[in-house]
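Computed from a prediction, not measured in an experiment: that's the story for all the values here.
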Amino acid sequence: MRLTIDRDLAILSLGRVTQTLLSLVALRAITSILSVEEVGHYYLLLAIGFFFSYVLMNPMAMYFSRHLVEWKEKETVLSAYKFFCYAVAITSFCSILFATLLYIFLGYEEKFGFVDFTIVVLGVLSLSVIHRNTLTGINILVSRVKFIIFMIATLAIGTVLAITFAFYIEATAVYWFFGLLVAEIVTLPFVYRYFTSQFSAGNGSWQKQESFRYSKIASFCMPIFGTNIFLWCQLYLYRLVVDERYGEGVLGMLGVAIAVAAAAFAAIENIISQYFYPIYIKKIHNVTRLERANAWNDMAEKVVPIYILLAVFLLTTAESMMVVLVDKKFHDAYTFTMLAVVAEFFRVMTNLFNYILQAEYKTNLALFPYFMGVIFIIGCLSILDFSGALEGIGWTLLLGNAVIFIFLFLNVSRIMRVRIRLKLRKLCLFIIPFLTYYCIPKPDFAILGNIIILAMFGVYFLLSIYFLNGTTRKLSI
């Protein structure tokens, strides 16, 4: 049997592996340079910054990416990009007042200086959003290779500057963010120039285009806006609650443990979204519902086994990962990482089913599942006291993600019959070595021994994905 590797997938995989390695270097550096409390402040700032960039701007960003192919055909890409940048600028300045009220209401005067806090929020909302979505346009419409180069360059410069600022100026979460934002300032002009040089001015202004009607944009964005509020609550609001009830030290430990699992899933999910999602978007453009269902089924057939193997790999090697990837003061938090792995699995599966709702313009069906998950998570964290058993926080996040997935699956099944073709026998065979290693007694390895274990199982994980080819058994869900 001749084995071939898709060139685009190989390029994206190489870029994502490089990005993941840089992220892990940053994780090791931040846990070594910053105190546990400052690491807690970092995850707090990340939660607040993500609220502004994700909840407020992600709906518009999704509309932007969803219609890029259509705008390219109509030669209105630059008009769309201009419109998007205007929307980001207006939203950014309007958010300064909200950020000020949030700063005062949450009593963050002792954690961050007001000017520093505002700069971080404004930078994440404006600079990072434009930078990230310009890269998305390059990936979908122009060149995956250029996308990888710009992405890696930005992350590499950001990692170096963040470490430099935190080590030589002040070891705080704010200066770490300053390093990341300066890197985007450095690379954005090159990203912008390359993207805009690929398209002509097109026909007319954006105000005359049907796709820029405010009613059409609002009908697409408002359900996503509501869903994103609940999604942010699911992924980040717990950090504010944990910081308030248990302190930044506990938040720092929890945040680092979850970050290890989240980094691995984010790497794989980003490869999938950057490779498979553009293909999926092109397949569902101007086709019937049945053809859209088949496009999703084809994508899920390749994606779901990867997520399953990744979860098993991370559960098996969680303790080794904590030893290798973070400073020793965080090593005991590996049980949080194991719980986070299962929670992340439910999260990425939920995102996979969300593609169907976006394709069918039924994003409002995601509101209730996220609402139920958020109520469960925040209700448990607010009512129950986990001071004597902090793992209960992890269990709460895991079950909350499961609740969201179950309710979303039920809603999706109402509008489309999807079929996931899993290679069950091969999948079970590939999982056996992971389970065997997990069950056998193991000594306490030094860092070199843990690196060898991660390398061995990492290579095995990649080979398992590669060799999951052949006949499939269909599971109708």
Side-chain angles (χ1 to χ4, degrees), residues 45-68 71 80-81 83-96 98-99 102 120-140 147 151 154 180-181 184 188 191 211-212 214 216-237 239 262 265-266 269-270 272-274 277-278 280-281 344 347-348 350-367 369-371 373-374 401 404 408:
L45 276 175
L46 195 63
I48 295 170
F50 196 75
F51 172 82
F52 286 97
S53 65
Y54 187 75
V55 173
L56 297 182
M57 287 313 308
N58 178 258
M60 190 64 200
M62 290 182 67
Y63 188 85
F64 177 74
S65 62
R66 176 66 176 82
H67 291 80
L68 277 174
W71 290 330
Y81 183 70
F83 175 83
F84 178 74
C85 290
Y86 282 154
V88 171
I90 293 172
T91 305
S92 299
F93 286 106
C94 292
S95 299
I96 294 177
F98 185 52
L102 186 68
V120 170
V121 170
L122 192 59
V124 169
L125 180 56
S126 57
L127 185 64
S128 298
V129 168
I130 292 176
H131 189 283
R132 182 169 57 250
N133 286 280
T134 307
L135 287 179
T136 299
I138 292 174
N139 180 43
I140 294 177
F147 165 76
M151 179 183 65
T154 303
L180 301 179
L181 292 174
E184 291 180 337
L188 182 58
V191 174
S211 56
F212 298 109
Y214 292 110
K216 183 175 181 179
I217 296 173
S219 64
F220 180 91
C221 291
M222 290 309 295
I224 299 176
F225 173 77
T227 301
N228 285 355
I229 290 178
F230 293 127
L231 183 59
W232 178 84
C233 292
Q234 170 206 3
L235 297 176
Y236 292 97
L237 182 57
R239 297 181 181 183
F265 270 99
E269 187 179 28
N270 282 329
I272 288 167
S273 65
Q274 290 160 12
Y277 186 65
Y280 173 69
I281 287 294
E344 283 291 304
R347 182 188 65 80
V348 295
T350 299
N351 289 345
L352 187 62
F353 278 95
N354 256 323
Y355 287 156
I356 295 177
L357 299 183
Q358 294 167 21
E360 300 301 315
Y361 292 92
K362 298 286 187 179
T363 49
N364 59 302
L365 293 180
L367 291 175
Y370 282 109
F371 174 76
V374 168
N401 279 269
I404 294 172
L408 188 73

Mind checking what makes ring pair (Phe, Tyr, Trp, His ring centres under 6.0 Å) contact with [X], not counting sequence neighbours?
X	result
F225	none
F50	Y54, Y236
F93	none
F52	F98

Is there a side-chain contact between [X] and [Y] in this structure, where contact means two heavy atoms from C-beta onward sitting under 4.5 Å apart?
X	Y	result
R239	L46	yes
Y81	T134	yes
S128	L181	yes
L125	F51	no
V121	S95	no

Please name the pair of heavy atoms, one in [X] and one in [Y], separated by the smallest distance, quoted to 0.1 Å.
X	Y	answer
I404	G373	CG1-CA, 3.5 Å
N354	A366	OD1-CB, 3.8 Å
G49	V124	O-CG1, 3.5 Å
P59	N228	CD-ND2, 3.6 Å

Could you tell me whether the side chain of W232 and the main chain of A47 form a donor-acceptor pair under 3.5 Å?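 Indeed, once roles are kept as given, a pair shorter than 3.5 Å links the two residues.
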
Of all residues at least two apart in sequence or in a different chain, which pass the side chain to side chain donor-acceptor pair (under 3.5 Å) check with T350?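 Per chain and number, T350 pairs via side chain to side chain donor-acceptor pair (under 3.5 Å) with no residue.
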
To the closest 0.5 Å, what do you measure between CG (L237) and CD1 (I48)?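 Rounded to the nearest 0.5 Å, the CG-CD1 separation comes out at 11.0 Å.
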
By salt bridge (charged side-chain N to carboxylate O under 4.0 Å, His left out), which residues pair with E269, not counting sequence neighbours?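 Result, salt bridge (charged side-chain N to carboxylate O under 4.0 Å, His left out) vs E269: R347.
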
